[in-house]
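Notes to accompany the following structure.
The chain is numbered in sequence order, starting from 1.
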Amino acid sequence: MSSEGDVVGGPPQAAGEPDEPREPRERREPGPRYQRRILLAATALGVAGIVGAGAAATGHGGAAPVRAVAHRTTSPAGESLREVTEPEADLLHTAEQILLRDCMRDRGFVYEPVPRQPLPDVRDFPYVVDDPEWARRHGYGSDLDRKREEISTEGVNERYFRSLPQERRAPAIAAANGSRPDGLSARAPDGLKISRSPDGCQSQAERGLYPDLAAWFQARVTVDSLPPLRGGRVIADGEFRDATRKWSVCMNAAGYAFQDPAAARAALPPPDRPFPREREVAMAVAEADCARSSGLAETAARLDRKYDTELREKYGHDVTAWLRFRLDALPRARAVVEADAER
């Protein structure tokens with residue numbers, strides 16, 4: 001599924017070629033509380049970014065999704081539902097990729113399944129880099145950003161879509177996403193209406209795991225919208241601001257005059273023109289060390305759990321549906337993967 005923007009157009013055009021008409025996979029109409037920061041987790045297929053799906057955001061950009069909190073949720077009926085495990089999440093992703101591949105093949109196109117996490121070392125640091133060992137290896141993650149870009153531009157699916165004749169590209173987009181982003185709609189917690197075609201291969205693949213596609217889509221949109229809401233509440237909390245001031249004092253003592261982690265992130269150059277590695281690593285390590293010694297890391301984690309619980313209770317119907325959908329899909333996903341292995 002994924003994150004950010006979640007709008008799909010045609011594959012990149014070669015220099016000098018006219019752009020093909022582009023149809024978004026999902027149309028978004030602003031509601032009364034529209035927020036540009038809404039982050040939707042990337043789904044398995046986004047023709048323009050087809051091979052980047054499943055890769056988590058690094059701590060570099062400062063707008064990464066807040067990491068999910070894994071725990072049980074009690075439904076309104078008192079039913080205890082758990083999160084799927086990481087291996088189970090991989091199973092669901094793999095099955096969806098297989099169904100997507102088969103659907104695209106049936107429509108005359110090629111799609112090669114991609115892993116859920118092509119770069120396992122990628123981490124989210126939504127509030128502050130708080131892992132000194134990770135920072136020593138990756139700094140702010142510019143090395144991982146570059147690797148992810150290489151995967152996106154050099155992958156087999158990207159090359160395939162680029163290689164299609166001009167007259168085949170629009171049909172390929174329609175096969176993947178449906179002809180128009182209409183027919184399947186959901187309302188995010190901030191009022192944003194998101195619409196998508198129920199007829200493309202992405203929807204067909206999801207329907208193979210989640211038969212009630214409309215209810216699944218609404219649950220997915222709600223759950224994927226909660227991390228930025230949670231993050232906003234954490235950052236606005238007085239305890240977080242107090243801990244941030246202590247962090248800033250620590251950073252100043254280390255030679256970095258930043259008011260908060262967002263300012264440190266804003267000072268970073270683009271991933272394709274990063275600081276010299278020694279400079280990036282030193283700054284990231286200082287941030288992580290100060291996050292721990294100032295108490296900011298502990299405060300952020302505690303507040304993240306607090307507001308996660310509140311939001312899950314507030315949107316309990318959709319959260320419960322999301323958990324139940326994924327748990328119920330596990331046998332179907334296992335059957336898809338096993339059948340594919342036997343071919």
Side-chain angles (χ1 to χ4, degrees), residues 1-8 24-43 46 56-57 61-77 79-84 89 92 124 126-127 181-198 202-203 206 210 212-240 262 300-327 329:
M1 281 187 299
S2 155
S3 244
E4 291 74 36
D6 208 20
V7 174
V8 175
R25 180 177 70 238
E26 293 179 359
R27 172 180 293 157
R28 302 177 180 198
E29 299 174 6
R33 296 177 302 283
Y34 174 64
Q35 298 176 349
R36 291 184 178 275
R37 291 189 61 222
I38 186 171
L39 304 178
L40 292 178
T43 51
V66 180
R67 52 180 170 267
V69 180
H71 56 59
R72 286 183 175 270
T73 293
T74 301
S75 73
E79 177 185 10
S80 179
L81 298 171
R82 64 172 178 85
E83 302 276 1
V84 299
L92 291 172
D124 293 343
Y127 306 113
D182 294 312
L184 191 64
S185 297
R187 185 72 68 177
D190 65 355
L192 184 66
K193 181 182 178 182
I194 302 173
S195 299
R196 192 178 81 182
S197 169
Q202 178 60 51
S203 289
E206 290 180 11
Y210 317 104
D212 189 346
L213 186 61
W216 157 255
F217 188 59
Q218 177 60 66
R220 194 207 88 178
V221 165
T222 297
V223 170
D224 286 345
S225 300
L226 297 185
L229 297 180
R230 183 170 82 239
R233 294 187 181 191
V234 170
I235 292 170
D237 193 287
E239 289 188 60
F240 182 86
R302 176 168 46 79
L303 293 174
D304 188 73
R305 292 190 296 270
K306 171 187 174 182
Y307 290 116
D308 178 74
T309 299
E310 290 183 4
L311 286 167
R312 282 171 174 262
E313 291 177 355
K314 182 175 182 179
Y315 300 101
H317 176 79
D318 283 343
V319 171
T320 297
W322 161 264
L323 295 174
R324 184 180 292 111
F325 273 127
R326 283 162 66 82
L327 290 170

When rounded to the nearest 0.5 angstrom, what distance separates CG in L323 from CD in E83?
5.0 Å

What are the two closest heavy atoms between S185 and S195, and how far apart are they?
OG-OG, 2.9 Å

Which is it for Q218 and T222 under the side-chain hydrogen bond (donor to acceptor under 3.5 Å, both in side chains) test, yes or no, and what are the steps along the way?
CA-CA 6 Å; Q218 177 60 66; T222 297; 3.0 Å; yes

From R196 CZ over to L213 CG, what is the distance, rounded to the nearest 0.5 angstrom?
6.0 Å

Aromatic plane relationship, F325 with W216 - under 30° parallel, 30 to 60° tilted, over 60° perpendicular:
perpendicular

Can you name the closest pair of heavy atoms from A188 and S225 and give their distance?
CB-OG, 3.6 Å

Any salt bridge between R312 and D308, counting N to O under 4.0 Å?
yes

Under 4.5 Å between any side-chain heavy atoms of L303 and Y127, yes or no?
no

Give, for atom CG of L226 and atom CD of E310, the distance between the pair rounded to the nearest 0.5 Å.
12.5 Å

Indicate yes or no: does E239 engage K306 in a salt bridge with an N to O separation below 4.0 Å.
no

What heavy-atom pair brings L92 and V84 nearest, and what distance separates the two atoms?
CD1-CG1, 4.3 Å

If you compare all heavy atoms of A214 against all heavy atoms of L184, which two are closest, and at what distance to 0.1 Å?
CA-CD1, 3.6 Å

Atom pair CG/CH2 of L327 and W322 - distance to nearest 0.5 Å
11.0 Å

Enter the distance from R230:CZ to R305:CZ here, rounded to the nearest 0.5 Å.
11.0 Å

